[in-house]
Novice: 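Below you'll find the structure I mean.
Note that the structure is predicted; figures quoted are calculated from it, not measured. All ligand and atom numbering here is 1-based and tracks the order in the structure.
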Amino acid sequence: MLIAVTRPVSPKLAECELTHLPRDPIDVAKAIADHERYETALRLLGAKVVRAPEEPTLPDGVFVEDAALVLDEVAIITRPGAPSRRWEIESMATVLSAYRSLQRIQPPGTLDGGDVLVVGRQIYVGLSSRTNHDGRVQLETLLSEWGYEVIPVPLNGCLHLKSAVTQVADSLLLINARWVRRECFGSIETMTVAPSEPAGANALRIGTAVIYPTHYPETAGRLDRAGVRVVPVPCAELAKAEGGVTCCSVVFEAAGRPS
Ligand code: CIR
């Protein structure tokens, strides 16, 4: 069974961390409604939505992706680069301990899940302002016993690696080539976002479909023409908090592969 861990939107969302965007007023009620539609899309695609406990005092708590990386063999509890976000990890650890054994990124390492793109046994890690060298090396050490290759990827001008690139089909990446170089990903095919939609590379793949923001219609058209089924969700309010569609869930097979 496919599990998608989410967390309700905090009433303090408007106090979120911001790195690349100016602070714009956020309509929290609309963000909550959009988030519920996102959960509905997850269910439509066959996932069982498991809500982590509400964390009303943590503005960025809805962006659960940054707190954990779940692989078949293990879950890695991260240590987010923004100190305000480190309070989010314990409740995620509690939820994920029902499905996997846990390992943790330890100080002084930092790692945000948004910087981790898993493509088969290749794990690309963005060298962002949130993920440091120590965090990446710890991840490499933790995963070496299962034969994963951890590959560092330089970024330019975006928050996380998955702001710049995500996987949308077995051998297709959706990419903003201004923020990350295509050559970093070897021979796998890449499709670029529409130039007018630089933040459009963040798509959440579930099976053969992607959950994708309604506010990037040109890139959605490109995905559609490439044969990728697009399930549109409104998420403009969460985007004002620099969140995308991958950020709002951690998706994995319940059974995993016990080590
Ligand atoms: C932050 O800056 O940490 C949040 N406001 C947004 C996090 C988005 N997460 C993600 O892209 N994985």
Novice: Using a 4.0 Å cut-off to any heavy atom of Cys247, which atoms of ligand 1 qualify?
Specialist: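 Within the 4.0 Å cut-off of Cys247, ligand 1 contributes 8 (C), 9 (N), 10 (C), 11 (O), 12 (N).
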Novice: As an exercise, identify every atom of ligand 1 less than 4.0 angstrom from a heavy atom of Asp60.
Specialist: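 Contacts of ligand 1 toward Asp60, numbered from 1: 4 (C), 5 (N).
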Novice: Once salt bridge (Lys or Arg N to Asp or Glu O under 4.0 Å) is applied, do any residues pair with Asp224, and if so which ones, sequence neighbours excluded?
Specialist: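 Testing Asp224 for salt bridge (Lys or Arg N to Asp or Glu O under 4.0 Å), a comparison that skips the adjacent residues, returns none.
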Novice: Do Glu17 and ligand 1 have an N or O pair less than 3.5 Å apart?
Specialist: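 Checking ligand 1 against Glu17, an N or O pair does fall under 3.5 Å apart.
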Novice: Is there a donor-acceptor pair under 3.5 Å between the side chain of Thr110 and the backbone N or O of Arg130?
Specialist: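 At least one qualifying donor-acceptor pair exists.
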Novice: Decide yes or no for Ile89 and Arg104: does some side-chain heavy atom of the first lie under 4.5 Å from some side-chain heavy atom of the second?
Specialist: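 Side chain of Ile89 against side chain of Arg104, heavy atoms only: contact under 4.5 Å found.
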Novice: Check this for me, if you would: do Lys12 and Glu54 make a salt bridge, where the nitrogen-to-carboxylate-oxygen distance has to be below 4.0 angstrom?
Specialist: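 No.
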Novice: What heavy-atom pair brings Ser128 and Leu159 nearest, and what distance separates the two atoms?
Specialist: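 For Ser128 versus Leu159, the nearest heavy atoms are CB-O, 3.3 Å.
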Novice: Can you tell me which residue and heavy atom of the protein come closest to atom 9 (N) of ligand 1, and the distance to 0.1 Å?
Specialist: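 Checked against all protein heavy atoms, atom 9 (N) of ligand 1 sits closest to Asp66 OD2, 2.8 Å.
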Novice: Taking the minimum heavy-atom distance to atom 3 (O) of ligand 1, which of Glu15, Arg130, Glu242 ranks first?
Specialist: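 That would be Arg130.
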Novice: Taking only heavy atoms of His160, which atoms of ligand 1 are found under 4.0 Å from at least one of them?
Specialist: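 Checking each atom against His160, I get 9 (N), 10 (C), 11 (O), 12 (N).
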Novice: I need the contact type for Glu65 against ligand 1. Using non-hydrogen atoms and a strict under-4.0 Å cut-off, is it side chain, backbone, both or neither?
Specialist: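 Glu65 to ligand 1: side-chain contact only, backbone stays beyond 4.0 Å.
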Novice: Would you say the side-chain atoms of Thr166 and Asn202 include a donor-acceptor pair closer than 3.5 Å?
Specialist: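 No pair is found: no donor N or O on one side chain lies under 3.5 Å from an acceptor on the other.
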Novice: Looking at Ala241, which atoms of ligand 1 are within less than 4.0 Å of one of its heavy atoms?
Specialist: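 Those atoms are 4 (C), 5 (N), 6 (C).
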Novice: What are the two closest non-hydrogen atoms of Asn176 and Ala201, and how far apart are they?
Specialist: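 Minimum heavy-atom contact is N-CB, 3.9 Å.
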Novice: Heavy-atom contacts under 4.0 Å between Lys162 and ligand 1: side chain, backbone, both, or neither?
Specialist: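 Neither; nothing of Lys162 gets under 4.0 Å from ligand 1.
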